[in-house]
Amino acid sequence: MTIDEFWQEFKSRHPEVTTDHYDAYPFGYEDADELAHLVAIGQKTATTSALGLYEPDEARPFVGEYNIILDSHDQPVCVTQTKVVEEMPFDHVTAEHAYHEGEGDRTLAYWRRVHREVFTQEYQNESDEPFNEQIPCLCEVFERVD
C-alpha cells in the first residue's frame, strides 16, 4: 500500500480530518522498525530533532500536524498527531520528555547518550558547525490517532 493510499484510508475512517497535509517519515535509521513499533503500541509519544539541521525552507513540525510513521521499508505503520512543539537547548531537555520518547530504559541519561551520538554524527555529516550541548532542539509530543 502506498503512503497516499494509507492516508486516504485513514481519512475514510476519520471523516473529521479534512486536511490533506501530512508528513511521512521513519524514526531513526537502523532502528526504524523498533521505533515505529513503540509508537504503534503507545509507548513512544515524543521525539526530538536538531533545529540547526533543518534547511532554511524546510517545514518545521507544528501543533495539529498529522504524521504517518514508516517502518524501515518506508511502509506506513500508524498515524500520529502533533500536540506540543517546544524549542529548547539540548541540555535543557527534561527527564519527562525523555520518558515519553519511550526508548531504552526511558531515562534522561539514556536519552542524552543516544541523542548525543546521533546528533554528533548528523552534525558531522550535515553541518559546518560541531554538535554541542546547547544546540537548539525541537521537542515534539504526539498522540497516535490510528
Side-chain angles (χ1 to χ4, degrees), residues 1-127 131 135-146:
M1 173 180 301
T2 69
I3 294 168
D4 188 56
E5 289 168 342
F6 188 84
W7 176 251
Q8 295 306 321
E9 281 191 18
F10 166 76
K11 283 182 61 177
S12 73
R13 290 189 304 277
H14 297 274
E16 72 280 6
V17 177
T18 58
T19 184
D20 277 320
H21 176 85
Y22 62 85
D23 197 4
Y25 54 84
F27 284 114
Y29 301 102
E30 300 89 30
D31 50 0
D33 292 334
E34 176 188 346
L35 298 178
H37 172 72
L38 293 177
V39 174
I41 65 171
Q43 181 172 319
K44 180 173 181 58
T45 59
T47 192
T48 306
S49 56
L51 183 57
L53 298 178
Y54 281 83
E55 295 295 325
D57 60 344
E58 186 177 356
R60 309 306 198 263
F62 60 89
V63 172
E65 181 178 33
Y66 289 96
N67 303 284
I68 298 174
I69 307 306
L70 306 175
D71 66 16
S72 63
H73 302 288
D74 289 332
Q75 293 300 301
V77 174
C78 60
V79 178
T80 66
Q81 186 178 32
T82 302
K83 298 299 184 181
V84 176
V85 179
E86 293 181 294
E87 182 181 334
M88 68 184 65
F90 179 89
D91 62 354
H92 284 71
V93 172
T94 66
E96 178 183 15
H97 186 78
Y99 179 83
H100 289 292
E101 286 221 14
E103 301 169 36
D105 64 6
R106 302 178 84 171
T107 64
L108 182 57
Y110 177 87
W111 182 93
R112 284 189 175 152
R113 182 177 56 77
V114 169
H115 284 78
R116 189 178 291 117
E117 290 171 10
V118 169
F119 290 162
T120 296
Q121 187 65 44
E122 288 179 347
Y123 268 82
Q124 286 176 351
N125 293 340
E126 301 174 31
S127 176
F131 168 80
I135 64 158
C137 292
L138 286 180
C139 296
E140 296 176 63
V141 177
F142 55 81
E143 175 180 271
R144 179 179 172 207
V145 293
D146 196 74

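The first residue of the sequence shown is numbered 1, and numbering continues consecutively from there.
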Show the nearest heavy-atom pair for residues E65 and H21, with the distance to one decimal. OE2-NE2, 3.4 Å
Under 4.5 Å between any side-chain heavy atoms of E103 and E34, yes or no? no
May I ask you to test the F90-F131 pair for a side-chain heavy-atom distance under 4.5 Å? yes
Look up atom CG in N67 and atom CD in E143, then write down how far apart they are to the nearest 0.5 Å. 12.5 Å
Does either side chain, that of T48 or that of H115, offer a donor lying less than 3.5 Å from an acceptor on the other one? no
Output the distance between atom CD (Q81) and atom OH (Y22), rounded to the nearest 0.5 Å. 15.5 Å
Could you tell me whether the side chain of P76 reaches within less than 4.5 Å of the side chain of F10, counting heavy atoms only? no
What's the separation between atom OG1 in T80 and atom CD in E140, rounded to the nearest 0.5 Å? 8.0 Å
Considering residues at least two apart in sequence or located in another chain, which fulfil the side-chain contact (heavy atoms from CB on, under 4.5 Å) criterion with D105? T107, Y110
Taken in chain and number order and not counting sequence neighbours, the residues that satisfy side-chain contact (heavy atoms from CB on, under 4.5 Å) with T18 are none
Is the backbone N or O of A98 less than 3.5 Å from a side-chain atom of R112, with the two atoms forming a donor-acceptor pair by type? no
Before you tell me yes or no, could you show the steps for Y123 and I135 under side-chain contact (heavy atoms from CB on, under 4.5 Å), namely the whole-Å CA-CA distance, both residues' side-chain angles and the distance that decides it to 0.1 Å? CA-CA 10 Å; Y123 268 82; I135 64 158; 3.7 Å; yes
Nearest-0.5 Å distance that lies between atom CD in E16 and atom OG1 in T19: 12.5 Å
Sorted by chain and residue number, the side chain to side chain donor-acceptor pair (under 3.5 Å) partners of R113 (sequence neighbours excluded) come out as none
Would you mind listing every side chain to side chain donor-acceptor pair (under 3.5 Å) that reaches into residues 84-96, with sequence neighbours excluded? D91-Q134
Stepwise side-chain contact (heavy atoms from CB on, under 4.5 Å) check, K11 with D20: CA-CA 9 Å; K11 283 182 61 177; D20 277 320; 2.8 Å; yes
Rounded to the nearest 0.5 Å, what's the gap from CH2 on W111 to CG on L108? Could you check? 7.5 Å
Is the distance from the ring center of Y66 to that of H14 below 6.0 Å? no
Work out which heavy atom in D71 is nearest to a heavy atom in A32; give both atom names and the distance. C-CB, 4.1 Å
Closest heavy-atom contact between C78 and D146? CB-O, 3.1 Å
Distance col, row D33:CG vs L38:CG, nearest 0.5 angstrom, shows 11.0 Å
Not counting sequence neighbours, which residues clear salt bridge (Lys or Arg N to Asp or Glu O under 4.0 Å) with E101? List them please. K44
Side chain to side chain donor-acceptor pair (under 3.5 Å) contacts touching residues 50-62 (sequence neighbours left out): S49-Y54
Check whether any side-chain N or O of D31 sits under 3.5 Å from a backbone N or O of L35 as a donor-acceptor pair, and report yes or no. no
Compare every heavy atom of F62 with every heavy atom of T82, then report the nearest pair and how far apart it is. CB-O, 3.3 Å
Is any side-chain heavy atom of V77 closer than 4.5 Å to one of V39? no
For Y25 and I69: C-alpha separation, side-chain torsions, deciding distance, then whether side-chain contact (heavy atoms from CB on, under 4.5 Å) applies. CA-CA 5 Å; Y25 54 84; I69 307 306; 3.9 Å; yes
Should the pair F27 and F142 be assigned to parallel (<30°), tilted (30 to 60°) or perpendicular (>60°) ring geometry? parallel
Tell me, with the steps shown, if H97 and M88 meet side-chain contact (heavy atoms from CB on, under 4.5 Å). CA-CA 12 Å; H97 186 78; M88 68 184 65; over 6 Å; no
Beyond-backbone contact of L70 with F6, side-chain heavy atoms, under 4.5 angstrom: no
